[in-house]
Amino acid sequence: MFDRTKTEVSIDTDAWETVESGYDIQRPLDGTVSGRVSELRLPPALVKATELESGEEYKHGGDAESLDLPSGEYLLNVTLNIKTYVRFSGPATIWKNDDYTEMSISFPEPTLVTFGFRSHHDEPVDTITVPPTPEGVATAVTYSSSSHKTTGADKSYPTLRGHPPRIELGSETDIPDPVSEERFDTGIEIVVPDRLEYVLVVAPLAYYLQAEVTVADRQFPILRAPETGFEHEFALLPEFQHEVAETLRRVFFLDCLVRTAGQYSWNVAETSLLEEIDVDAGKLYERTPAEQLTGYFDVAYERIDGELPEWHLAMHVEPRSENATCLPYYLDDLSLVYLPESTDLEKDQLLNKSIDDFYRAGDPQAHPPKATADTFRRGPGPVQSVDRRDPVLHEGQVNGWLADGVPIDVFKAVPEAYENKFEYLNDSDDGDIDVTLILNDEEMVDEHEEVAEIYEERAEELPIDVTVHEHLTKAELAAVLESSHDFVHYIGHCEEDGLRCTNGNLAVSTLEDSSVQTFFLNACGSYYEGRDLVKKGSVAGAVTFTKVLNKQAAKVGVAFARLLINGFSIDLALRFARRRIMMGKDYAVVGDGTHVLTQTENRYPIFLTIDQRDDGKFDLITEHRPADTNGTVCQIYHENYTEYHLQGTKVHLTMNEDDLLMFLDRAESPVLYDGELYWSEEMKDVLS
């Protein structure tokens, strides 16, 4: 099955017999399929089986042993790239093959099963129209939570928070009836000063709490729940934005732990933290949202905060009314919102920051590369460079910038990117991922050949269609960019007047539109051309700020291709790829940096860090790096490690060499070892 994002769940069966009617699955679903079958084969996954009459639960994750289910009425909760449920009646056996590449569910005889599927991606259904005032935007934020499918602690699951309605600015307020009717009244209120910056900053907290937001002629913002008499007064800006982030962390992660008392939740290792702050999950889970909020502020949360994951995303947003139209996309990702702050960045500072980053990731004995006239990508015309700034960053693994200026270490958000994304979802008519590689620079043939090999290897596992072009003219390159492609990797020159072709330069601004979903313009000074591609219709892409060295450009290009095609978001793919070179801050992302092109074999992309100990063993740190799925559950596939964790948790393991090699054999992930970035199968060769 494919969803509209070209995310796939593949299920093989023996002697499948389709039937028209099956079981009812009491969950939000996008579709169901029923049939009789003796055995199912799925990708390796976490499975929770609930016996519906007794409520007894059975779990199978990284276990090497098979799980035998006695006769009963079962609902299986399977964590795949598309949320999958399996309903059946009778005994069954669940197991994984020896190399953990496949999971099987078998029945003693042909059995009626019903599959239920729910995509992890969605889009806005309705549109809210409000005046471009703080009061108007506050109204839009209030009704953004109408997309929630539930209240209470379970709303911490991303699949139970639908995409907020779009926000448009107009002369009058218009709240569609479905939005008004579907919003839950939780009895939680937030009142902020009558200034737009306060409304934007508080929006993520208000959306998550399903709170009513109003503005008033008051000095200090306040969070309250009249039902319980709870009131919490915040500080003024700029401290207000940090207090909002801290409050959202508190209520969100406590929800993630308290929801384990629910009937269908996964129990995670972090649940034990509740004992340190004397929280009874069972009691809090059954209380109203207002009572839960009050209870969360009655405990010493700060004692356990350091044991919980780093927040995944922060957007730095200029307080302009037109930027409020981007809020639905940031709320859907549960991003923090900060006010933008940056300083001038001198060339010496930029060089020092680049070298510092490289030393942290690479060889401390390394030296900056010496640039000569023939080491840069060359063309007959001048390169358009960008004046970069140094941003002030706060909480958040990934940071976006919706404001003036072009800072380093963030992705430069382009508002058009967010609606462009839905155009590609709606236009998807099959599961093939179209990848186009363009070589317009003969000097970079090594990068071209290695990247093409990576795409073709991945095509053996996913439905990827790879096309290679060389030496394109302006008309030919324009035709590629204006025709439908999921990813275009351009290797060549970029000058002030556009991308270099065999008969001159092509300026993206002259195109009628762009039908390229994502891209990498691996050429000198390609920032403005990439920005224009997003404005013309693309979602996101990697670009350069200035002249780039040939060998370093090739290193980044190859690493980026592999990370992107294996399920990392564009921002994370470029972030890890540029760690391979000294001048990594010459590269950046424009558009929606959280956008993901393809699925990963591991459900969520994993980043590994390995250090060898003095006793010959290895310390291994695993990090699941989701772009937009904060609140989900993950598990490491290792026979001796059966715990579940909240997404984003850094898990520390110690392994001997044999166990590590076995783990790497099925990891399919990037590895940081001794300052170098490897892929997992490359790491096996390094250790052998």
Side-chain angles (χ1 to χ4, degrees), residues 4 27-30 118-152 154-192 196 198-216 223 225-227 248 251-252 255 288-290 293 315 317 321-335 337 415 418-423 425-426 628 631:
R4 291 181 302 164
R27 297 289 185 278
L29 299 174
D30 295 324
R118 182 172 73 243
S119 174
H120 292 280
H121 298 75
D122 56 5
E123 64 178 287
V125 176
D126 298 291
T127 300
I128 296 171
T129 303
V130 294
T133 63
E135 182 181 11
V137 177
T139 298
V141 172
T142 294
Y143 285 97
S144 292
S145 65
S146 63
S147 60
H148 283 40
K149 299 176 174 66
T150 188
T151 60
D154 286 337
K155 69 181 180 295
S156 56
Y157 283 114
T159 56
L160 293 179
R161 299 188 308 270
H163 199 297
R166 290 180 175 87
I167 296 176
E168 289 187 357
L169 303 178
S171 58
E172 297 182 358
T173 298
D174 180 20
I175 309 296
D177 289 342
V179 172
S180 179
E181 294 166 0
E182 292 172 7
R183 178 184 174 269
F184 293 100
D185 183 3
T186 61
I188 299 173
E189 304 170 359
I190 299 178
V191 186
V192 297
L196 182 59
Y198 280 93
V199 180
L200 294 177
V201 167
V202 86
L205 175 63
Y207 164 74
Y208 182 73
L209 288 176
Q210 300 159 289
E212 179 182 2
V213 184
T214 56
V215 299
L223 168 65
E227 172 191 333
L248 181 54
V251 297
F252 176 80
D255 270 352
T288 68
L293 175 64
M315 294 300 304
V317 180
S321 55
E322 60 267 26
N323 285 343
T325 61
C326 291
L327 273 180
Y329 317 113
Y330 304 151
L331 299 184
D332 185 52
D333 290 339
L334 209 58
S335 170
V337 173
Y418 301 104
E419 281 301 312
N420 291 349
K421 175 161 56 178
F422 300 126
E423 292 297 323
L425 301 187
N426 293 327
D628 58 358

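Hydrogens, waters and symmetry mates are skipped; everything else that's a heavy atom, side chains included, is used. These numbers were taken from a predicted model, which means no experiment stands behind them.
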Please report the closest heavy-atom contact between [X] and [Y], naming both atoms and the distance.
{"X": "Gly631", "Y": "Pro158", "answer": "C-CD, 4.1 Å"}
{"X": "Tyr198", "Y": "Val192", "answer": "CB-CB, 3.9 Å"}
{"X": "Pro124", "Y": "Phe422", "answer": "CD-CZ, 3.3 Å"}

- Item | Glu172, CD atom: more than 12 neighbouring heavy atoms under 6.0 Å | no

With heavy-atom distances below 4.5 Å as the criterion, would you say the side chains of [X] and [Y] are in contact?
{"X": "Tyr418", "Y": "Cys326", "answer": "yes"}
{"X": "Pro204", "Y": "Leu331", "answer": "yes"}
{"X": "Leu209", "Y": "Leu223", "answer": "yes"}

Result block: side-chain N/O donor-acceptor pairs under 3.5 angstrom for residues 130-140, not counting sequence neighbours:
| unit_1 | atom_1 | unit_2 | atom_2 | d |
| --- | --- | --- | --- | --- |
| Thr133 | OG1 | Gly136 | N | 3.0 |
| Thr139 | OG1 | Glu135 | O | 3.1 |

Can you tell me how far apart [atom1] ([X]) and [atom2] ([Y]) are? Round to the nearest 0.5 Å.
{"X": "His148", "Y": "Asp154", "atom1": "NE2", "atom2": "CG", "answer": "12.0 Å"}
{"X": "Ile128", "Y": "Thr173", "atom1": "CD1", "atom2": "OG1", "answer": "10.0 Å"}
{"X": "Ser145", "Y": "Tyr208", "atom1": "OG", "atom2": "OH", "answer": "12.0 Å"}
{"X": "Ile188", "Y": "Leu293", "atom1": "CD1", "atom2": "CG", "answer": "5.0 Å"}
{"X": "Ile175", "Y": "Thr129", "atom1": "CD1", "atom2": "OG1", "answer": "8.0 Å"}
{"X": "Arg161", "Y": "Asp333", "atom1": "CZ", "atom2": "CG", "answer": "9.5 Å"}

- Item | salt bridge (Lys or Arg N to Asp or Glu O under 4.0 Å) partners for Asp255, two or more places apart | Lys155

- Message: List the residues meeting salt bridge (Lys or Arg N to Asp or Glu O under 4.0 Å) with Glu212, not counting sequence neighbours, and say none if there are none.
- Response: none

- Set of side chain to side chain contact (heavy atoms under 4.5 Å, CB included) partners for Thr325, sequence neighbours left out: Leu169

- Residues passing the side chain to side chain contact (heavy atoms under 4.5 Å, CB included) test with Pro328, sequence neighbours excluded, are His163, Pro164, Ile167

- Task: Using the side-chain contact (heavy atoms from CB on, under 4.5 Å) rule, take Glu168 and Asp174 through it: C-alpha gap first, then chi angles, then the decisive distance, then the call.
- Result: CA-CA 10 Å; Glu168 289 187 357; Asp174 180 20; over 6 Å; no

- Show the numbers, then the answer: is there a side-chain contact (heavy atoms from CB on, under 4.5 Å) between Arg166 and Tyr329? CA-CA 8 Å; Arg166 290 180 175 87; Tyr329 317 113; 4.2 Å; yes

- Query: Taking the side chain from Thr186 and the backbone from Gln210, do they hold a donor-acceptor pair closer than 3.5 Å?
  - Reply: yes

- Apply the test side-chain contact (heavy atoms from CB on, under 4.5 Å) to residues Leu205 and Val251: give CA-CA distance (whole Å), side-chain angles for both, the deciding distance (0.1 Å), then the verdict. CA-CA 9 Å; Leu205 175 63; Val251 297; 4.2 Å; yes

- Within the 6.0 Å centroid threshold, strictly below: Tyr330 and Tyr207: no

- Message: Going by the rule side chain to side chain donor-acceptor pair (under 3.5 Å), which residues pair with Ser147 if we only count those two or more places apart in sequence or in a different chain?
- Response: none

